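Everything on this sheet refers to the single structure shown next.
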Amino acid sequence: MAGIAVELPDGSKLELEEGASGADAAAAIGPGLAKAALAIRVGGEVRDLVAPVADGERIEILTDRDPEALELIRHDAAHVMAEAVLELYPEAKISIGPPIDDGFYYDIEFPGGEQLSEDELPKIEEAMRRHIKADEPFERRDIPVAEALEKFRAEGQDYKVELISDLVRDEGVETVSLYRNGDFEDLCRGPHAPSTGRIKAVRLNSVAGAYWRGDESRQMLTRIYGTAFFSKKDLAAHLERLEAARANDHRKLGRELGIFMLREEAPGMPFWLPNGTVLLRLIEAEVREQLSRRGYVEIATPQMMDVSLWHKSGHWDNYRDDMYFIDVDERQFALRPMNCPGACLVFDSSRHSYRELPLRMAEFGRVSRNEREGVLHGLLRVRAFTQDDAHVYCTEDQIEAEVTDICEAIDELYARFGFDGAEVELSTRPEKSLGTDEQWEAAEKALRESLDKQGREYKLNPGDGSFYGPKIDFHVTDALGRSWQLGTCQLDFQMPERFDLSYTGADDAQHRPVMIHRALLGSMERFAGILIEHHAGRFPVWLAPVQAVVLPVSDRHAEYAGTVAGELRAAGARVGVDDRSESVGRKIRDAELERYPFMLVVGDREQEGGQVAVRSHDEGELGAMTPAELAERHLLAESSRS
RNA sequence: GCCGACGUAGCUCAGCUGGUAGAGCACUUCACUCGUAAUGAAGGGGUCCCCGGUUCGACUCCGGGCGUCGGCUCCA
């Protein structure tokens with residue numbers, strides 16, 4: 001009888017009988033592996049353990065040590081949750097339940113369209129544990145579409161019927177696969193672990209509303225979020241990590257460190273406190289350093305302009321819902337939601353030669369957008385913010401070099417602030433947009449080619465572009481792993497046309513410039529928020545709003561403390577004095593909680609020697625030195641390059 | 001905008017099955033004058049988010065708003 005052979009990750013060959021499964025392969029290698037095996041990976045594809053392997057395939061046995069296996073059991077857990085929910089609420093209609101980054105969810109319609117209360121989660125969780133303990137096997141079967149439709153129709157599972165119908169329509173499938181665990185059988189591509197018992201720890205976290213198929217106009221379902229692990233210890237560690245991440249929330253740190261505040265009187269419009277304002281100015285200085293090095297000029301244009309301008313720019317047609325309008329006497333004005341029209345008016349205020357291009361005009365532009373309630377989020381999603389904006393007017397030939405230069409500036413700037421790298425996304429034409437197919441095609445091509453030439457990895461976001469052009473976005477994540485867009489580079493053939501912008505070419509004729517909208521950090525507010533979380537409120541010395549605090553040992557050293565602070569400030573350092581009548585220990589503690597990088601203790605010894613006793617948060621006590629030495633060695637060492 | 005939860009002193013939070021509130025920290029004052037993560041004592045501070053309703057009486061119950069938080073959708 002003919003055997004088959006598969007190749008293992010170490011390159012060795014494993015002889016198996018014809019028709020052998022992944023489980024057989026694992027068993028052939030050893031009983032320990034047979035017990036630990038969860039699934040197999042062939043190439044990039046994960047398969048059920050019971051799926052057959054073919055002659056010559058390179059296979060890998062997945063166990064709980066494999067990161068992909070975690071995704072597997074989370075998907076398993078989603079099925080177990082659906083099983084438990086249907087047991088407790090037989091009338092519920094289930095939709096989809098995928099694994100996600102750190103867990104899984106299942107979207108479910110409860111009877112009467114009611115939302116599930118969070119209080120019910122423990123009950124569901126308990127039922128899940130029972131099914132996990134019962135170690136129910138996952139069993140797959142493939143059945144004809146008609147049979148599947150009949151089954152789910154009979155069960156009243158309308159969402160499954162819709163999913164299957166769409167599979168037939170979009171992919172022309174003839175059969176679908178179902179997975180059974182216990183009494184529950186779900187439409188599912190798989191793969192799954194051999195049985196529910198492989199889930200060693202499970203936790204349901206929260207419920208939330210979620211639109212069916214992510215479509216606002218459709219039914220809102222109840223999304224139950226949960227997570228699963230291979231051990232209770234891993235689950236506990238995960239929950240601890242979340243807890244720690246919450247401590248780095250910029251909203252909490254922002255208040256504690258005197259960076260910003262929010263008030264009910266101005267929802268979504270942050271107030272910058274003294275320390276935050278210093279931080280903002282330092283961030284701006286880094287942006288300006290890029291501007292001057294890369295040949296930008298800076299302008300400042302009005303916050304509010306007549307509505308006629310917004311009709312002209314296309315914002316009224318495409319962005320009206322997000323704008324604030326103000327009636328003044330007989331005229332209607334709008335607060336700007338974007339800075340581009342102002343820049344266009346500046347460009348249009350004089351004649352331009354092709355010799356001036358690319359003309360790069362930057363503006364730290366404050367914009368106001370009437371964001372829908374419910375989307376606001378600390379500094380990360382606000383209604384009034386400042387973009388480190390710029391508009392580059394250039395020829396089509398210059399696009400690629402400009403886009404490349406912008407991407408480089410973003411790389412340099414993010415590296416300067418301690419970010420390893422951002423995720424790059426390319427977004428193309430949305431449904432609501434201005435311009436012709438040809439223009440969009442040319443613009444999208446230009447961006448794509450620039451990215452390709454730079455050798456950048458990027459994700460494609462079809463339909464996610466701005467209404468006037470496609471864009472490249474730079475994304476980074478916050479403390480809890482949520483991704484936020486920062487920098488952006490958007491191509492625009494529309495605005496120059498609408499504003500009838502032109503430059504004189506070498507041929508003495510008038511030509512239309514191309515406009516690039518670009519922001520390196522995106523919004524100063526959002527960037528600052530992300531920066532706070534990235535550094536957990538403990539900024540590098542050059543960026544710390546207060547770099548050092550002078551701590552007099554007793555009241556009689558207060559005057560000397562003031563002298564020292566004065567000297568350091570004169571040298572350009574940001575220094576505070578804590579001259580409360582408190583113990584040194586107390587002042588050290590408070591300084592640490594404020595996350596000051598340096599604490600300068602001054603008592604009799606230091607006062608006599610004209611020195612300060614330096615304590616660094618990072619390095620502990622550094623001994624005594626003069627203020628000048630401290631400034632040179634520590635406080636100013638990494639300051640802005642400008 | 002949608003779903004859910006929440007809103008008590010500057011902050012973190014107790015509390016009341018309906019009888020107008022309390023702690024710690026912070027703040028003020030006094031004493032202490034202190035050497036690397038909390039010195040002690042005393043004191044001030046609240047339209048219990050807002051507006052209605054029920055009730056003899058509402059911080060508490062009900063309705064509506066506003067805001068915040070977690071999601072969805074949307075977006076820098």
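Quantities reported herein were computed from a predicted structural model and do not represent experimental measurements.
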Inset, instruction - Indicate, with a heavy-atom threshold strictly under 4.0 Å, whether Arg369(A) touches base, sugar-phosphate, or nothing. - result: base
Inset, instruction - For U33(B), give its Watson-Crick or G-U wobble partner with both distances under 3.5 Å, or none. - result: none
Inset, instruction - Find the partner of A58(B): check Watson-Crick (N1-N3 plus N6-O4 or O6-N4) and G-U wobble (N1-O2, O6-N3) distances, both under 3.5 Å, and reply none if neither fits. - result: none
Legend entry - Who pairs with G43(B) - Watson-Crick or G-U, where each distance is under 3.5 Å: C27(B)
Inset, instruction - Return the nucleotide paired to U20(B): Watson-Crick means purine N1 to pyrimidine N3 with N6-O4 or O6-N4, wobble means G-U with N1-O2 and O6-N3, both under 3.5 Å. - result: none
Inset, instruction - Just call it for Gly214(A): base, sugar-phosphate, or nothing, with non-hydrogen atoms closer than 4.0 Å on any strand. - result: sugar-phosphate
Legend entry - Which residues share a ring pair (Phe, Tyr, Trp, His ring centres under 6.0 Å) with Tyr159(A), sequence neighbours left out: Trp212(A)
Inset, instruction - Report yes if a side-chain nitrogen or oxygen of Arg526(A) is closer than 4.0 Å to either non-bridging phosphate oxygen (OP1 or OP2) of C75(B); otherwise report no. - result: no
Legend entry - Arg615(A) vs A37(B): side-chain N/O to OP1/OP2 distance below 4.0 Å: yes
Legend entry - Test ring pair (Phe, Tyr, Trp, His ring centres under 6.0 Å) applied to Tyr105(A) - qualifying residues, sequence neighbours left out: Tyr225(A)
Inset, instruction - Applying salt bridge (Lys or Arg N to Asp or Glu O under 4.0 Å), name anything that partners Arg246(A), two or more places apart in sequence or on another chain. - result: Glu243(A)
Legend entry - is_close_aromatic(His535(A), Phe417(A)), centroid dist under 6.0 Å: no
Legend entry - Neighbours of RNA chain B within residues 242-256 of chain A, by heavy-atom distance under 4.0 Å: Arg251(A), Arg255(A)
Legend entry - P gap between U60(B) and C50(B), integer Å: 10 Å
Inset, instruction - Under 4.0 Å from any atom of RNA chain B, heavy atoms only: list the residues of residues 98-116 of chain A that qualify, in numerical order. - result: Gln115(A)
Legend entry - Residues forming a side-chain hydrogen bond (donor to acceptor under 3.5 Å, both in side chains) with Asp578(A), sequence neighbours excluded: Arg580(A)
Legend entry - Non-hydrogen side-chain atoms of Arg336(A) and His315(A) separated by less than 4.5 Å: no
Inset, instruction - Mind checking Glu265(A) for me? I need base, sugar-phosphate or nothing, with any heavy atom below 4.0 Å counting as a touch. - result: nothing
Legend entry - His75(A): ring pair (Phe, Tyr, Trp, His ring centres under 6.0 Å) partners, not counting sequence neighbours: His79(A), His192(A)
Inset, instruction - Can you tell me the pairing partner of C69(B) across any strand shown, Watson-Crick or G-U wobble, with both distances under 3.5 angstrom? - result: G4(B)
Inset, instruction - Output yes when at least one side-chain N/O atom of Arg223(A) is less than 4.0 Å from OP1 or OP2 of G70(B), else no. - result: no
Inset, instruction - Only counting residues at least two apart or in another chain, list the ones meeting ring pair (Phe, Tyr, Trp, His ring centres under 6.0 Å) with Phe110(A). - result: Tyr89(A)
Legend entry - Partners meeting salt bridge (Lys or Arg N to Asp or Glu O under 4.0 Å) with Asp388(A) (sequence neighbours left out): none
Legend entry - N or O in side chain of His377(A) less than 4.0 angstrom from G70(B) OP1/OP2: yes
Legend entry - Summary of side-chain hydrogen bond (donor to acceptor under 3.5 Å, both in side chains) pairs that have at least one residue in residues 257-273 of chain A, sequence neighbours excluded: Arg263(A)-Glu265(A)
Inset, instruction - For the residue pair His534(A) and Phe419(A), categorise the inter-ring angle as parallel (less than 30°), tilted (30 to 60°) or perpendicular (more than 60°). - result: tilted
Inset, instruction - Give a yes/no answer on whether the side chain of Arg580(A) brings an N or O atom under 4.0 Å of OP1 or OP2 in C34(B). - result: no
Between side-chain atoms of residues 599-611 of chain A and protein atoms elsewhere (two or more places apart, or another chain), which donor-acceptor pairs fall under 3.5 Å?
unit_1: Asp604(A); atom_1: OD1; unit_2: His557(A); atom_2: NE2; d: 2.6
unit_1: Asp604(A); atom_1: OD2; unit_2: Arg556(A); atom_2: NH2; d: 3.1
unit_1: Glu606(A); atom_1: OE1; unit_2: Gly603(A); atom_2: N; d: 2.9

Inset, instruction - Take nucleotides 38-52 of chain B nucleotide by nucleotide from the 5' end and write B, S or -, depending on whether a protein heavy atom sits under 4.0 Å from the base, only from the sugar-phosphate, or from neither. - result: BB-------------
